[in-house]
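Here is the structure we will look at, set down as structure tokens.
In what follows, chains are A, B, ... by sequence order, proteins preceding strands, each numbered from 1.
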Amino acid sequence: MTEFVIQSEQAYAKVWNKARKRQRLHSFLKGLLFLLPSILLFSVFLFYPLAKTIYLSFYLTDASGATTVYVGLENYKQLFISPIFQKSLEVTFLFVVYTVPGTIVISLFLALLANEKLKGIGIFRTIFSSTMGISVAAASVFWMFLFHPTIGWLNQMLATFGVDSIGWLTDPDWALFSVSISTIWMNIGFTFLILLGGLQSIDRYLYESADIDGAGYFYKLRRITIPMLSPTLFFVITVSFINAFQTFGQVDMLTRGGPQNETNVIVYSIYQEAFMNYKHGAASAQAIILFILILLLTFIQFKLGERKVHYQ
Amino acid sequence: MSHIEMENLKKTYDHQQNVLDGINLEISEGEFFVLVGPSGSGKSTLLRMIAGLEEISGGLLKMNGNVVNHLRPKERNLSMVFQNYALYPHLTVEQNILFGLHARKVSKSEQKKRLMETAEMMGLGDLLKRKPKQLSGGQRQRVALARAVVSQAPICLMDEPLSNLDAKLRAHMRMEIKRLQQQLGLTLVYVTHDQVEAMTMGDRIMVLHDGEIQQVGDPITLYNEPANLFVASFIGSPKINLTRAKVQDNQLYITDELKIPLRDTFLPKKELIVGIRAEHIQHATDETATHELEVITVEHLGNETSITFSVGNDYWTAKWIGQWQLKAGDKVKVSLTEEYLSFFDPVTEELIQPARVHAKEDEVVAI
Ligand SMILES: Nc1ncnc2c1ncn2[C@@H]1O[C@H](COP(=O)(O)OP(=O)(O)O)[C@@H](O)[C@H]1O
Ligand SMILES: [Mg+2]
């Protein structure tokens with residue numbers, strides 16, 4: 001500390017202000033230093049690609065992705081009149097509506113079951129969470145066998161009941177549904193595990209107190225479990241939502257966007273536009289629209305969630 | 001149903017060793033019954049068995065003469081206050097209090113009436129719309145009590161309800177709980193590890209140690225006639241002074257030099273353990289002095305002074321009214337006489353003979 005004689009309150013205030021500014025700058029720099037590794041990583045893998053995508057979306061490109069002509073908002077305008085893009089928006093929304101509630105409801109049900117204190121419950125917990133350890137590619141191959149038109153188990157099962165076989169992945173009416181089913185199956189492991197963790201962190205005294213008070217199972221579920229689980233549920237819903245919008249792997253493996261673009265979700269459409277049609281500009285515009293869409297919906301979710309979620 | 005009986009009650013977890021071993025006990029209606037014992041002695045387990053939260057491994061639990069072993073918690077018609085209060089963090093104080101009535105589908109008007117009565121009784125009127133996290137520790141405690149009160153169950157169980165409060169608030173809540181119990185005529189089973197709480201609140205106390213009943217009795221009996229060494233040293237603060245001693249020629253040899261003549265006491269053993277309460281090591285004048293002891297430490301408590309003496313290999317603590325200016329190394333004249341001594345068997349640790357006189361004559365209040 002430097003020594004100084006205090007002449008007046010004003011003079012002191014000046015010195016004090018200066019010292020405070022210096023301290024602030026100091027702690028800011030220190031904080032920055034700690035953040036440096038993640039700032040670097042984010043810059044290379046996130047901020048730079050994002051900026052580059054925005055930049056690309058205003059240009060036409062050649063096959064290698066190099067910019068050729070500046071077209072302004074033309075790429076965006078084209079998208080909004082393109083029936084294929086509208087189809088893929090529609091498909092994406094349907095896909096989200098099919099998969100998110102299904103995943104959450106089934107996982108919650110399984111988590112509630114697995115949270116009971118029963119003998120050998122560990123085995124069920126392992127089984128229920130096991131899909132988390134299976135890659136999208138492996139799971140897709142597995143489902144491809146199930147969905148196979150002639151030797152697939154699903155159709156064989158239908159046959160034993162005397163029902164006509166279904167073109168799970170080839171019938172335009174069924175393809176999106178089939179992909180959704182396999183996606184729900186793939187997502188259950190992760191969602192289940194997070195929800196089970198949430199359930200286990202609820203204080204058991206709350207249930208004991210409710211038992212003594214005479215509450216039944218569903219009363220406890222409604223008044224204790226769901227509200228206490230709401231932060232976890234909210235997290236899981238948000239993550240599932242974003243994941244559903246970004247689905248690519250299983251579409252690529254199972255249907256390649258077909259039949260008749262019925263499973264051509266936005267990310268798959270971006271992939272096709274960029275790496276099949278070499279229209280990097282148009283693909284970038286789609287990517288930006290997807291980004292804004294997810295951002296908006298997540299924001300709305302947070303606004304709605306604030307009122308319903310009980311944080312401790 | 002407010003009379004509780006236990007016959008040879010047992011508890012084992014996962015077929016291991018008994019946590020509770022043959023508990024026989026009767027708790028009468030309207031009684032303030034305290035279960036006290038060190039941590040891990042099985043108090044909570046016993047309480048939770050009464051509540052029905054823990055399965056009973058053996059023996060019978062009866063309420064008003066009927067066996068209730070198989071009844072679920074909600075069928076036993078009791079209320080419980082948990083150590084951490086178990087308030088629902090997402091519900092307001094009002095919703096917390098009404099949770100049970102709502103679950104039991106009590107009519108809206110009845111709910112409202114009971115809520116008002118309870119809130120007034122517990123001084124919660126202004127806090128009904130708050131969430132638990134917006135309350136102080138004492139207020140949360142009061143909400144937890146209100147939940148028990150509003151249920152109008154005749155039996156209330158409490159598991160260390162005051163251990164999360166600071167010392168001052170604890171003393172206050174002790175009084176409030178006692179008042180509440182008397183006002184409502186509750187049969188209260190109260191678990192604590194704090195012997196002060198047990199002594200100040202209980203009509204009757206049961207001391208539990210390693211899953212076995214050590215003694216059941218009213219507070220004064222436990223203090224004056226502890227059944228064994230464990231109860232003797234557990235009840236009372238400061239702890240009773242205990243020392244091994246020998247009997248020879250009608251003399252009690254505490255050390256080779258320190259001996260107390262035995263005129264009226266006949267002891268069947270040569271070796272035993274002697275206990276003397278801190279207030280029974282009395283300061284003496286030259287005439288009344290029987291011994292002289294060396295001071296080790298002095299603690300001033302304001303109105304009292306606690307003095308530690310060296311006695312053979314042990315330290316004895318005395319508690320004298322007033323402020324005594326003593327320092328370590330001083331020799332102090334004291335009176336140690338046989339009528340204040342309790343005797344215990346060194347092998348079984350059971351009481352052989354309690355002290356004949358328990359308080360100085362002028363402190364005994366007869367009603
Ligand atoms: N769920 C349980 N499983 C196994 N042992 C337990 C369980 N609960 C308590 N115990 C054991 O039972 C004994 C008594 O515990 P408890 O009744 O909680 O003691 P207290 O309340 O007197 O501190 C302890 O030794 C404890 O380890
Ligand atoms: Mg306990």
**Prompt:** What parts of residues 99-113 of chain A touch chain B if we use heavy atoms and a cut-off under 4.5 Å?
**Reply:** none
**Message:** Taking side chain as everything from C-beta outward and backbone as N, CA, C, O, which of these in B:L78 sits under 4.5 Å from a heavy atom of chain A? Side chain, backbone, both or neither.
**Reply:** both
**Prompt:** Is the number of heavy atoms from other residues, nucleotides or ligands within 6.0 Å of CZ (A:F124) greater than 12?
**Reply:** no
**Item:** CG (A:L40) with more than 12 external heavy atoms under 6.0 Å
**Value:** yes
**Asked** Is the count of non-hydrogen atoms from other residues, nucleotides or ligands lying under 6.0 Å from B:Q183 atom CD greater than 12?
**Response** yes
**Item:** Within residues 196-225 of chain A, residues adjacent to chain B where the heavy-atom gap is under 4.5 Å
**Value:** A:D203, A:R204, A:Y205, A:L206, A:E208, A:S209, A:A210, A:D211, A:I212, A:D213, A:G214, A:A215, A:Y219, A:R223, A:I224
**Asked** Is A:F42 atom CZ crowded by more than 12 heavy atoms from other residues, nucleotides or ligands, each under 6.0 Å away?
**Response** no
**Residues in residues 96-111 of chain B that sit under 4.5 Å from chain A, counting heavy atoms only** = B:F99, B:G100, B:H102, B:A103, B:R104
**Prompt:** More than 12 heavy atoms of other residues, nucleotides or ligands under 6.0 Å from CZ of A:F241: is that the case?
**Reply:** yes
**Request:** Could I get the full list of side-chain contact (heavy atoms from CB on, under 4.5 Å) partners for B:V67, not counting sequence neighbours?
**Result:** B:L60, B:K62, B:N69
**Request:** Inspect the surroundings of CG in B:D166 and state if more than 12 heavy atoms from other residues, nucleotides or ligands are less than 6.0 Å away.
**Result:** yes
**Asked** What part of B:R72 lies closer than 4.5 angstrom to a heavy atom of chain A: side chain, backbone, both or neither?
**Response** neither
**chain A contact via B:Y88 - side chain, backbone, both or neither, heavy atoms under 4.5 Å** = both
**Asked** Are there more than 12 heavy atoms of other residues, nucleotides or ligands under 6.0 Å from atom CZ of A:R24?
**Response** no
**Message:** Does B:Q182 have more than 12 heavy atoms from other residues, nucleotides or ligands lying within 6.0 Å of its CD?
**Reply:** yes
